[in-house]
Chemist: 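Submitted below is the structure of interest, expressed as structure tokens.
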Amino acid sequence: MSVIDDKEQQAQGAFSPVGAFLDLLEKTGGAIMVFLSAVGRLATFAGRGIYHCFTPPFYPRLLLRQLIDIGYYSLPVVGMTTLFTGMVLALQSYTGFSRFSAEGAVATVVVLSMTRELAPVLAGLMVAGRIGASIAAELGTMRVTEQIDALTTLSTNPYKYLVAPRILAGTIMLPLLVLIGDVIGVFGGYLVGVYKLGFGPQNYLHKTWEYLTSEDVVSGLWKAAAFGFIVTLLGCYHGYNSKRGAQGVGAATTNAVVSASIIILICNYLLTQLFFAGK
Amino acid sequence: MAQDTSPAANANNPKLVLSGVYKSFGNNHVLRGVDISINKGKSLVVIGGSGTGKSVMIKCVLGLLSPDKGSIRVDGEETTQLSGKERDALMRKFGMLFQGGALFDSLTIWENVAFGLVQGKAMDRRQAKEIAIEKLRSVGLPERVANLFPAELSGGMQKRVGLARAVATNPEIIFFDEPTTGLDPIMADVINDLIIEASKKLGATTLSITHDMASARKIADDIAMIYKGEIIWQGKAADIDHSGNEYVEQFIRGSAEGPIRMEV
Ligand SMILES: Nc1ncnc2c1ncn2[C@@H]1O[C@H](COP(=O)(O)OP(=O)(O)OP(=O)(O)O)[C@@H](O)[C@H]1O
Ligand SMILES: [Mg+2]
């Protein structure tokens with residue numbers, strides 16, 4: 001800050017460059033260790049969560065409630081997102097393709113982009129905001145008010161009771177949401193194509209089907225399952241481990257959404273490469 | 001460590017024994033070798049200042065926190081290493097009233113009370129509801145609260161629901177973490193009676209934490225005082241007034257003068 005401080009720091013730096021370098025190494029090493037241990041904790045948590053999905057006792061009532069919460073109540077959000085994305089996609093690709101007289105490709109572009117990329121990624125991100133946040137807040141509150149401890153004392157495993165139904169529901173429901181989102185997105189493209197850009201309805205639908213393969217849709221659904229798992233897992237993880245009262249719950253909520261969004265985007269790239277490498 | 005003068009230590013069937021239990025959070029050394037022993041069917045009250053580790057001690061027994069060192073035996077069986085199914089099974093022996101209530105706020109009152117019966121003991125929901133309402137009545141709550149949610153009750157009412165939940169499964173060992181704080185004196189006495197009933201009629205072994213000396217005198221067979229993470233005195237409830245321990249004397253006088261200094 002002050003001039004004197006700066007000079008002092010400079011003096012120290014000049015005095016011992018090796019020391020400064022070692023210091024840097026130590027800090028980097030420390031950061032890497034922190035990162036790796038966080039990954040380790042998350043992996044352990046995920047392992048436990050998955051294990052408890054498949055070992056009794058099961059809680060069908062809780063699973064049903066989560067299925068409704070995560071699936072049914074996310075429909076409007078996912079529907080709106082994909083509808084307008086499909087519409088804008090038709091508009092944009094028309095503008096682009098008309099420059100080299102390839103307007104005919106609009107329908108194909110819409111359906112392929114929706115099924116392979118946009119529906120799963122956008123639905124994943126929207127659900128991260130909606131569900132990831134609410135799971136983290138709910139479990140976080142339960143943690144800081146000792147409700148999770150109370151579960152344990154009532155002979156109920158919190159992983160089974162809280163975590164398993166949520167990650168199961170997320171992994172099951174997101175593909176369904178995305179499938180519906182695919183249809184709505186294509187419909188959005190159709191609306192713009194037919195009513196604004198003047199394609200014939202038969203022609204547009206024909207073009208939509210012409211180059212679409214089942215692999216395009218299925219790969220999107222696999223992505224969706226992965227994203228559903230990621231969102232609910234991170235919501236549970238941050239909520240379950242939250243600390244320090246209301247502030248801690250707030251931090252858990254933010255972390256759940258941010259980390260889920262980033263991991264979704266990274267994972268999306270990796271999965272795309274996995275599915276379509278060499279094609 | 002103070003001499004363990006209680007007869008509990010010499011008896012042959014202690015239900016719960018803690019020996020040399022240590023627990024730290026970073027530099028905060030909360031428990032520094034706690035030794036406690038409770039005989040079957042007896043009621044031990046632990047007194048001690050705020051922040052001396054009373055709640056932490058109970059959580060160590062329940063496995064919610066794992067002690068750094070020491071042994072915790074229930075019915076002679078070491079429990080500190082248990083996990084998974086064995087831990088769940090052990091938990092069936094316990095009931096716990098949390099200091100803050102810890103009611104499940106997404107469940108109705110009766111579902112809270114019946115939780116251990118429905119989830120832990122796989123009881124039919126209708127039957128569990130009847131028992132829950134019965135237990136609610138015993139803590140002075142009318143049947144109409146059964147279908148409300150915890151957030152719709154007053155603090156004292158929530159405390160009583162927590163109490164009903166803790167005793168609902170007729171556990172063998174029950175922990176009450178400050179059962180009477182936040183209650184008016186009359187209701188506090190009702191709760192005292194309920195705790196006595198749980199231990200005398202149902203034969204449960206109880207460990208209660210309280211700051212309320214009236215309550216301690218009423219419900220305790222034995223009293224132990226915890227100070228700076230150690231049990232510094234344990235004896236018969238009747239002996240509390242002539243303990244010969246200046247810490248205990250200061251605590252029951254409730255005076256700021258004495259060897260215990262509050263860090264303000
Ligand atoms: N999960 C935790 N992480 C870190 N520190 C903790 C944790 N739980 C308790 N502590 C610390 O342990 C100490 C004892 O806490 P504890 O809740 O056992 O006090 P207490 O004796 O029950 O007090 P009170 O009578 O006020 O309830 C406190 O200093 C507290 O800060
Ligand atoms: Mg406490």
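Sequence lines set the chain letters: A, B, ... in the order given, protein chains first and strands last, and positions in each chain run from 1.
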Chemist: Side chain, backbone, both or neither: which part of A:Ile148 has an atom under 4.5 Å from a heavy atom of chain B?
Modeler: neither
Chemist: Which atom pair, heavy atoms only, marks the closest approach of B:Ala102 to A:Glu146?
Modeler: CB-O, 3.5 Å
Chemist: Contact between A:Gln147 and B:Leu103 at the side-chain level, heavy atoms closer than 4.5 Å - yes or no?
Modeler: no
Chemist: Please state whether the side chain, the backbone, both or neither of B:Phe115 comes within less than 4.5 Å of a heavy atom of chain A.
Modeler: side chain
Chemist: Given the rule in the side chain to side chain contact (heavy atoms under 4.5 Å, CB included) test, do B:Leu64 and A:Thr152 qualify, once you have shown the distances and angles that lead to the verdict?
Modeler: CA-CA 8 Å; B:Leu64 301 172; A:Thr152 311; 3.8 Å; yes
Chemist: Between B:Leu97 and chain A, with a heavy-atom cut-off of 4.5 Å, which part of the residue counts as in contact: side chain, backbone, both or neither?
Modeler: neither
Chemist: What I'd like to find out is whether the side chain of B:Arg165 reaches to under 4.5 Å of the side chain of A:Leu154, using heavy atoms alone.
Modeler: yes
Chemist: For A:Tyr161, is it the side chain, the backbone, both, or neither that has a heavy atom closer than 4.5 Å to a heavy atom of chain B?
Modeler: side chain
Chemist: With a 4.5 Å cut-off on heavy-atom pairs, point out which of A:Asp149, A:Asn157, A:Thr156 contacts chain B the most.
Modeler: A:Asp149
Chemist: Quick check for you: to the nearest 0.5 Å, what is the distance between A:Thr145 atom OG1 and B:Phe98 atom CZ?
Modeler: 10.0 Å
Chemist: Could you walk me through whether B:Gln119 and A:Lys160 pass side chain to side chain contact (heavy atoms under 4.5 Å, CB included), step by step?
Modeler: CA-CA 11 Å; B:Gln119 307 298 348; A:Lys160 276 197 170 51; over 6 Å; no
Chemist: In the structure I gave you, are the side-chain heavy atoms of B:Phe175 and A:Thr153 within less than 4.5 Å of one another anywhere?
Modeler: no
Chemist: Taking atom NZ of B:Lys40 as the centre, does the number of heavy atoms from other residues, nucleotides or ligands within less than 6.0 Å exceed 12?
Modeler: no
